2 protein chains.
Amino acid sequence: MNYLTKYRSILIYGLSLAAALFLMKWLEWRFLILNHAFEIYAGIIALLFTGLGIWLAMKLSTPKIKIITIEKELAAEKTFVLNNKALNETGVSARELEVLELMADGLSNQEIAERLFVSLSTIKTHSSNLFFKLEVQRRTQAIEKAKRMELIA
Amino acid sequence: MNYLTKYRSILIYGLSLAAALFLMKWLEWRFLILNHAFEIYAGIIALLFTGLGIWLAMKLSTPKIKIITIEKELAAEKTFVLNNKALNETGVSARELEVLELMADGLSNQEIAERLFVSLSTIKTHSSNLFFKLEVQRRTQAIEKAKRMELIA
DNA sequence: CCTAAAATCAAACTAAAGTATGAGAGGCTG
DNA sequence: CAGCCTCTCATACTTTAGTTTGATTTTAGG
């Protein structure tokens with residue numbers, strides 16, 4: 001109780017000083033704000049529009065997965081080219097290739113003969129020549145090798 | 001010659017008028033610029049930073065090629081699952097699958113027998129049971145079907 | 001037009017592949 | 001532990017595959 005009355009003036013003075021200082025500081029801050037209002041505003045605009053730009057780019061950018069489909073198409077072409085190249089290199093004839101494809105489908109020589117309207121002998125001859133050209137002994141090997149060489153699918 | 005001296009005053013007057021008008025227009029434009037200097041500046045900033053945002057997005061967007069590798073990994077897992085699933089469905093045993101794989105590599109029954117250290121009879125029994133389970137008649141058909149079912153690679 | 005390659009066929013083999021049946025040794029499970 | 005499945009093997013047989021030789025007919029190219 002006593003202290004309060006005793007040092008009231010000092011207290012008031014101190015409080016006033018504190019308030020004044022606070023006011024000054026606040027005014028200084030206000031001044032800073034006002035003085036740099038343009039820069040701050042410009043900064044906000046810059047930030048906002050950078051965000052807008054990013055959003056736009058995300059929204060409008062075409063997905064990059066299209067590359068895959070292009071590769072697939074190229075692979076198809078490549079297969080065709082390799083087909084011809086391998087055919088020329090091995091010397092496998094068109095008819096022999098037909099027989100080879102049916103072999104790969106699991107048909108027997110008899111079934112292939114019926115499918116191509118020729119005799120069993122003919123298919124045996126074809127396959128024998130085929131094995132020689134592919135340097136294999138069995139039809140299973142021929143199928144395996146032909147697939148590796150991309151002669152057949 | 002005559003015309004020039006005759007209408008000099010008119011010409012001068014006209015030119016003065018034109019200059020004045022031009023000056024006014026120019027001043028008006030200047031005024032416009034000055035009056036809207038902030039908006040123009042803000043607009044330029046907006047444009048520039050929108051561009052920056054787009055550039056940033058383009059530059060920093062992660063390439064989507066990673067998805068491909070993920071798909072491949074998933075495919076590998078899927079194959080494993082399908083393998084087991086198909087194995088259970090067809091009832092093909094582990095040993096029969098071994099024989100099947102060697103068949104697909106083009107080996108003869110004799111070669112398979114030697115590779116697995118068992119007799120030719122055993123391989124014949126295995127393959128016969130295999131064909132029954134796969135509902136096929138020949139090894140070539142078995143290979144073809146097993147690959148379609150993803151029992152083998 | 002003529003020739004070389006490709007396609008066709010046949011016959012007589014040999015070598016694989018595939019079927020059918022039976023049987024023994026282990027291993028897992030109810 | 002009995003029953004079932006897998007793996008193993010054998011024997012005897014049928015069917016398919018593959019080779020060899022030789023021949024005729026198309027077909028495409030110089």
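Keep in mind that this is a model prediction, so the values were computed, not measured. Protein chains get the first letters and strands the later ones, always in sequence-line order, with residue 1 at the start of each.
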Between D:dT6 (C1') and B:Ile123 (CD1): distance, integer Å
14 Å
D:dC7 phosphate, OP1 or OP2, under 4.0 Å from B:Ser93 side-chain N/O
yes
Roughly, in whole Å, what's the span from CG in A:Leu97 to C1' in C:dA5?
17 Å
Out of curiosity, B:Ile123 CD1 to B:Arg115 CZ, how far, rounded to the nearest 0.5 Å?
11.0 Å
Ignoring backbone atoms, test whether A:Asn109 places a side-chain nitrogen or oxygen under 4.0 Å from the OP1 or OP2 oxygen of D:dT16.
no
Starting at atom CG of B:Leu107, determine the distance to atom P of D:dA17, rounded to an integer number of angstrom.
19 Å
Between CG of A:Leu120 and P of D:dT15 the distance, given in whole Å, is 14 Å
I'd like a table of atom pairs between the protein and nucleotides 19-23 of chain C - only N or O on both sides, under 3.5 Å - with the distance next to each one.
{"from": "C:dT19", "atom 1": "OP2", "to": "B:Ser128", "atom 2": "OG", "distance (Å)": "2.8"}

Applying side-chain contact (heavy atoms from CB on, under 4.5 Å), run through B:Thr140 and A:Met103 and close with a yes or a no.
CA-CA 7 Å; B:Thr140 47; A:Met103 264 184 191; over 6 Å; no
In sequence, state the C-alpha distance, the side-chain angles, and the governing distance for B:Val118 and B:Arg95, and then conclude on side-chain contact (heavy atoms from CB on, under 4.5 Å).
CA-CA 11 Å; B:Val118 293; B:Arg95 199 61 162 168; 3.7 Å; yes
Closest heavy-atom pair, B:Arg138 versus A:Gly106, reported as atoms and distance to 0.1 Å, is NE-O, 3.2 Å
Between B:Thr122 and B:Ser119, is there a side-chain donor-acceptor contact under 3.5 Å, judged purely by atom types and distance?
yes
In whole angstrom, give the distance that lies between atom CZ of A:Phe117 and atom C1' of C:dA7.
17 Å
Figure out the CG/P separation between A:Leu134 and D:dG18, and round it to whole Å.
12 Å
Show the nearest heavy-atom pair for residues B:Glu98 and B:Leu116, with the distance to one decimal.
OE2-CD2, 3.7 Å
Atom pair distance, as rounded to whole Å: CZ in A:Arg95 and P in D:dA28
14 Å
Measuring from the side chain of A:Arg139 (C-beta onward, heavy atoms only), which nucleotide among C:dA16, D:dA17, C:dA7 has the closest atom?
D:dA17
What's A:Thr122 touching, base or sugar-phosphate or nothing? Going by heavy atoms closer than 4.0 Å.
base
Is the shortest side-chain N/O distance from A:Arg138 to OP1 or OP2 of C:dA16 below 4.0 Å?
no
Using a heavy-atom cut-off of under 4.0 Å over every strand shown, decide if B:Ser121 touches base, sugar-phosphate, or nothing.
base
For A:Met103 and D:dT16, give me the distance from atom CE to atom P, rounded to whole Å.
15 Å
B:Arg148 with B:Glu144: basic N within carboxylate O range, under 4.0 Å
yes
